[in-house]
2 protein chains.
Amino acid sequence: MKTLKDEILQRGAVLSDGVLKVDSFLNHAIDPNLMTKIGETFAERFQEEGVTKILTIESSGIAPALTTSLQLQSELVFARKRKSLTMRDDLYSAEVYSFTKQQASEISVSKEFLQPTDRVLIIDDFLANGQAALGLIDIIKQSGASIAGIGIVIEKTFQPGREILEQEGYKIESLARIASLSDGKVTFYTEK
Amino acid sequence: MKTLKDEILQRGAVLSDGVLKVDSFLNHAIDPNLMTKIGETFAERFQEEGVTKILTIESSGIAPALTTSLQLQSELVFARKRKSLTMRDDLYSAEVYSFTKQQASEISVSKEFLQPTDRVLIIDDFLANGQAALGLIDIIKQSGASIAGIGIVIEKTFQPGREILEQEGYKIESLARIASLSDGKVTFYTEK
Ligand SMILES: Nc1nc2c(ncn2[C@@H]2O[C@H](COP(=O)(O)OP(=O)(O)O)[C@@H](OP(=O)(O)OP(=O)(O)O)[C@H]2O)c(=O)[nH]1
Ligand SMILES: Nc1nc2c(ncn2[C@@H]2O[C@H](COP(=O)(O)OP(=O)(O)O)[C@@H](OP(=O)(O)OP(=O)(O)O)[C@H]2O)c(=O)[nH]1
């Protein structure tokens, strides 16, 4: 997605060989009009997939997931990383491992919000090690729903997440694919 | 906002005298079209206020804040409750006290995303004790920006937050105002 790639180059900051900072439009400040374009792009790419529901995870996944759900006119749910005040009922939960923190944490979705009849599109802001996406996939499988695909705003192609998800056979659409962040610059992956 | 009040009556659940569960459309599942109507309503009510930026707080504030920012064509930032991977730079922080947990926690916004020239509209999902709103106000004041007002989706008028914020002199727009949750039912506040 050219607009997104331009934004990354103009408004992103490479913090290290492994980390791209896009707080200015995605992870802290949010660019509303860019979120609309992201939603339109995901909707185009998944419009033939019969998506009934979008599943994302708090917090940075919510904005791109919302604009996508508006375009697809689908339902929307976000997985919680911590139980909220009202999350008492039966839950689907999954473990998500953090390589940085070297520890696992639990994410959850209330059972009432995922039905076996659902066809679920996963949307998230970053794809790195893929652990969050795998956790959401696990939750969808527990519910009996089917997976329409995975939409990622920014993929770091040099990390294992993309490969892991491809091997599982899912349709993955990443709006920006980054081959490298070394030497302080963003190098996009060019599909052959 | 009649549509919202109808949704609360049809899809909300009174968990106790103090807690209304609206996970089905606001706090876990999100109703995208309702979020759009909420955004249009907030935009109508604040369109004369010269809003340059919306400030909300993760996670449930993000969806209503995003749709409002789309209507007002303003910038958008969400305060963090925990430092994210990329939040290294100078921060404005404030303490937020939780009466339920009986402990304070810190919320933060990177300084680069609040300028003295900003005129900030605060948006949040619930107004109860008002501590989160007071924390956001504190942060805005630290930045030198001015406060355009406060937009709340659901206000529990029987809790102290509304009164506290009114005494501070802010323009507050709550789309649903709840006078009581006792006897397992929602009683809306009727303005005289
Ligand atoms: N800005 C930025 N973030 C990255 C990058 N790579 C991974 N992340 C984010 O970091 C968080 C993952 O960290 P960990 O759970 O510790 O996992 P990891 O060490 O195995 O990558 C996730 O944030 P999250 O759960 O999505 O947090 P939130 O923003 O939704 O609160 C993920 O999206 C990157 O290059 N840049
Ligand atoms: N569903 C529901 N939630 C309520 C109600 N009253 C307060 N809350 C939410 O509970 C959380 C506040 O809890 P505490 O910080 O422990 O504060 P408190 O005990 O002083 O109220 C906030 O969630 P938050 O920080 O906004 O969490 P998040 O949803 O954004 O993650 C607030 O919006 C209610 O009647 N119903």
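Chain letters run A, B, ... following the sequence lines, proteins first and then strands; every chain starts at 1.
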*Please flag which part of A/Ser16 lies under 4.5 Å from any non-hydrogen atom of chain B: side chain, backbone, both or neither.*
neither

*asked:* At a heavy-atom distance under 4.5 Å, which candidate from A/Met35, A/Gln73, A/Lys53 has the highest pair count against chain B?
replied: A/Gln73

*Could you tell me which non-hydrogen atom of A/Ser74 sits nearest to which non-hydrogen atom of B/Pro32, and how far apart they are?*
O-CG, 3.5 Å

*Decide whether A/Phe78 and B/Ile38 are clustered together by the hydrophobic rule: side chain heavy atoms of Ile, Leu, Val, Met, Phe, Trp, Tyr closer than 4.5 Å, transitively.*
yes

*Does some side-chain heavy atom of A/Arg80 sit less than 4.5 Å from a side-chain heavy atom of B/Asp23?*
no

_Leading residue by heavy atom contact count with chain A [cutoff under 4.5 Å; candidates B/Val22, B/Thr100, B/Leu70]_ = B/Leu70

*With a 4.5 Å heavy-atom cut-off, do A/Leu20 and B/Thr86 have their side chains touching?*
no

*Given the options A/Ser84, A/Ser69, A/Ser110, A/Ser60, which has more heavy-atom pairs under 4.5 Å with chain B than any of the others?*
A/Ser110

*Where does B/Ser98 contact chain A at under 4.5 Å (heavy atoms): side chain, backbone, both or neither?*
neither

*Point-to-point distance, once rounded to the nearest 0.5 Å, from CD1 of B/Ile30 to CD1 of A/Ile62*: 5.0 Å

_How long is the straight-line distance from CE of B/Met87 back to NZ of A/Lys21, given to the nearest 0.5 Å?_
9.0 Å

*Heavy-atom distances under 4.5 Å only: say whether A/Thr36 touches chain B with side chain, backbone, both or neither.*
side chain

*If two hydrophobic side chains count as joined below 4.5 Å and joins carry through other members, does A/Ile164 share a cluster with A/Ile152?*
yes

*Taking a hydrophobic cluster as the set of Ile, Leu, Val, Met, Phe, Trp and Tyr residues connected by side-chain heavy atoms closer than 4.5 Å, whether directly or through intermediates, do A/Ile172 and A/Leu175 fall within one such cluster?*
no

*Should B/Phe158 and B/Leu9 be counted in the same cluster of Ile, Leu, Val, Met, Phe, Trp and Tyr side chains packed under 4.5 Å apart?*
yes

*To the nearest 0.5 Å, what is the distance between CG (A/Asn27) and CG (B/Leu85)?*
8.5 Å

*Please answer whether the main-chain N or O of A/Val109 pairs with a side-chain N or O of B/His28 as donor and acceptor at a distance below 3.5 Å.*
no

*Residue from A/Glu58, A/Arg82, A/Lys81 passing side chain to side chain donor-acceptor pair (under 3.5 Å) with B/Ser59*: A/Glu58

*Going hydrophobic residue to hydrophobic residue with side-chain gaps under 4.5 angstrom, can you get from A/Leu114 over to A/Val96?*
yes

*B/Phe113 portion near chain A, given a 4.5 angstrom heavy-atom threshold*: side chain

_Student check: side-chain heavy atoms of A/Asp31 and B/Glu75 closer than 4.5 Å_ = no

_NZ/NE/NH1/NH2 to OD/OE distance under 4.0 Å, A/Arg11 and B/Glu112_ = no

